[in-house]
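These notes concern the structure reproduced below.
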Amino acid sequence: MPTAAHPPARITRDDYERLYADSVRDPDAFWGRIAQRIDWMRAPTQVRDVSFDVADFRIRWYGDGELNASVNCLDRHLDTRGDKPALIFEPDDPSQPAQHVSYRELHARVCRLGNALRHLGVRKGDRVTIYLPMIVDAVVAMLACARIGAVHSVVFGGFAPQSIADRIADCGSKLVITADEGLRGGKRIALKANVDAALAMHGTNSVETVLVVRHTGAGVDMQMPRDRWFDAVVDSQHAHCEPERMNAEDPLFILYTSGSTGKPKGVLHTTGGYLVYASYTHECVFDLREDDVYWCTADVGWITGHSYIVYGPLANGATALVFEGVPNYPDVSRFWNVIDKHRVTLFYTAPTAIRALMREGDAPVTSTSRASLRLLGTVGEPINPEAWRWYHDVVGDARCPIVDTWWQTETGGILISPLPHAGTPKPGSATKPLPGVRPALVDANGELLDGEAEGNLVILDSWPGQMRTVYGDHPRFIDTYFKTYPGMYFTGDGCRRDADGDYWITGRVDDVINVSGHRIGTAEVESALVGHAGVAEAAVVGFPHDLKGQGIHAFVTLKAGIEPSDALRSELVQCVRTGIGPIATPDRIQWAPGLPKTRSGKIMRRILRKIAEGATEQLGDTSTLADPGVVESLVADRTAS
Ligand code: WTA
């Protein structure tokens, strides 16, 4: 691995206790050491400068250090690992050839695109939106931005034009990189057409150029001079591109994520701390070794793809698999066949995929070898013990440790996770904080809870991968994360700590729904629903769902004179699919003659959640409702439906 590893990659239980104690006692020394794992153009002399006190708020890591993230992910491996595959691309269609992209080739491709971007007028600090399928050029695009100091904003390929437009407008992107089409499970996704539709929407005038990767070869409308074919612009560029010197605190990327209110927030991560943290956690949590073939099934459109397909693995000189497809195409053995085909050793996926594949029985798994596997990981939502056991016993043949990694877009990297050699696994528990991370539980009043307890999960001190701001809205950053419990970072998650000090995440306590590991803000779905002319009001809540973890239940009140119908229901579903994207499709739409409100007009979601769960005997106190009759009718309808 790249450096004299600090801490050692294989952390035993004794190491862990010692490292953890040291890290908390002297965080400056600990994080100063960890920072040595990456290559700096100017080594930092400062480690941390942090205050969570809103009156004197700051989060700065390695403040006088200078580096370039792409140099760390590429150039520094060329001497020792130039011919090693950096990426293995496995296409959606298994009859098409896989591609092995060496560190040398990836470096050349990134440099060419970096030069092309500069040629097109993109400068340090400019924003570039990336809307691509899971192909090698998605990684190339991110690293090319990093090379020239442009700030990338990757938008998940499943988002609809309105969501793309909102994200472009919010950060004022100068350039968009997309492809003709995406391909998932044999279906084509009209990416370029979606970008065209987005750029016709309000607020997207900042975009000067659209680079279009030829992927499926489908014909697309090219609007000159705005639209340029990627290969036509990039292939002729020089394969050397001078990297931009970046301060540790210069932005690396923006990634939009849903919050409990309003529009998605642009989570901003900076260069030095983020890269140190992604690389450190990728090595120690996955127990990374030189000859590993590592596969994270996330999409680069999510933080998991950023930290654990691109920045962490490549900074560590690992071989990472990039998978374009889906778990059930052409059949439900696809994951396991890909593992055998590429001799994958480390496999990282989401509980929702595990649950879906578990439903198909053991045969599609046991018909494959999976002998190469050494470690399994999960991320994105709590894993139920039954799915954990199946993953462990059937997929891992009861011989691979499982790391259940808890973290968030905001945290940049894993904060709480078992370490593969450091303890007894507990199905369903993310167990212990990584060295350097200080979680705690608080009650509703913000009092810290000791020992065995259940409460809200907060983090008491900063870590290098922490987000630095909400792009363009610093007050929102502070309000959202540091005001609920003054002096602490509030995660938005509920959590239990057992007698051994192990953490069990229970799920979001705010108005964010976690559907198949994707964060969806109830407010976003509500705003898409009320966009329909027949809708007076909508309230959206989550409910437990066997496969997805949580499903979306929408209570919809129609305008006077509008009659409920199946046709209307389909129109509303369509509003959400085109307003946000298919991932936010409501599972249920319940017609609501009225919504339960307090006398001051606030919707009582607590009650709606209970109705959606079917836990109608536990509605609790409804005496503060303006009209308690509303609840009775919703319960009756829910029971009838
Ligand atoms: C949830 C994904 C339980 C949690 C990396 C968090 C988890 C939200 C786990 C962040 C886990 C993530 N166990 N819950 N191992 N991992 N979560 O921003 O509710 O897409 O707040 O980041 O996912 O989702 P995000």
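One-based numbering, in listed order, for ligands and for the atoms of each. Quick note: numbers below take in every heavy atom, side chains included, and nothing from hydrogens, waters or symmetry partners.
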Handout entry: All pairs passing side chain to side chain donor-acceptor pair (under 3.5 Å) where residues 426-441 contributes a residue, at least two apart
Key = Lys426-Asp498, Lys426-Asp500, Lys426-Asp502, Lys432-Asp502
Practice task
Classify the ring geometry between Tyr311 and Tyr274 as parallel (under 30°), tilted (30 to 60°) or perpendicular (over 60°).
Solution key: perpendicular
Exercise for the section: May I ask you to establish whether Arg37 and Tyr280 are in a cation-pi arrangement, using a distance under 6.0 Å from NZ or CZ to the six-membered ring centre and at most 45° from the ring axis? Expected result: no
Exercise for the section: Determine whether the side chains of Arg167 and Tyr256 contain a donor N or O and an acceptor N or O closer than 3.5 Å. Expected result: no
Exercise for the section: Taking ring-ring contact (aromatic ring centres under 6.0 Å, His included) as the test, write out the residues that go with Trp388, two or more places apart. Expected result: His392
Identify every side-chain donor-acceptor pair in residues 394-405 under 3.5 Å, counting partners at least two apart or on other chains, and give the distances.
unit_1: Asp397; atom_1: OD2; unit_2: Arg370; atom_2: NH1; d: 3.3
unit_1: Arg399; atom_1: NH1; unit_2: Leu373; atom_2: O; d: 2.8
unit_1: Arg399; atom_1: NH2; unit_2: Arg370; atom_2: O; d: 3.0
unit_1: Arg399; atom_1: NH2; unit_2: Ala371; atom_2: O; d: 3.4
unit_1: Arg399; atom_1: NH2; unit_2: Leu373; atom_2: O; d: 3.2
unit_1: Thr405; atom_1: OG1; unit_2: Tyr348; atom_2: OH; d: 2.6
unit_1: Thr405; atom_1: OG1; unit_2: Thr378; atom_2: O; d: 2.8

Problem - Residues lining ligand 1 [heavy-atom distance under 4.0 Å, listed by chain and residue number] - result: Ile303, Thr304, Val379, Gly380, Glu381, Pro382, Asp404, Thr405, Trp406, Trp407, Gln408, Thr409, Asp493, Ile505, Arg508, Asn514, Arg519
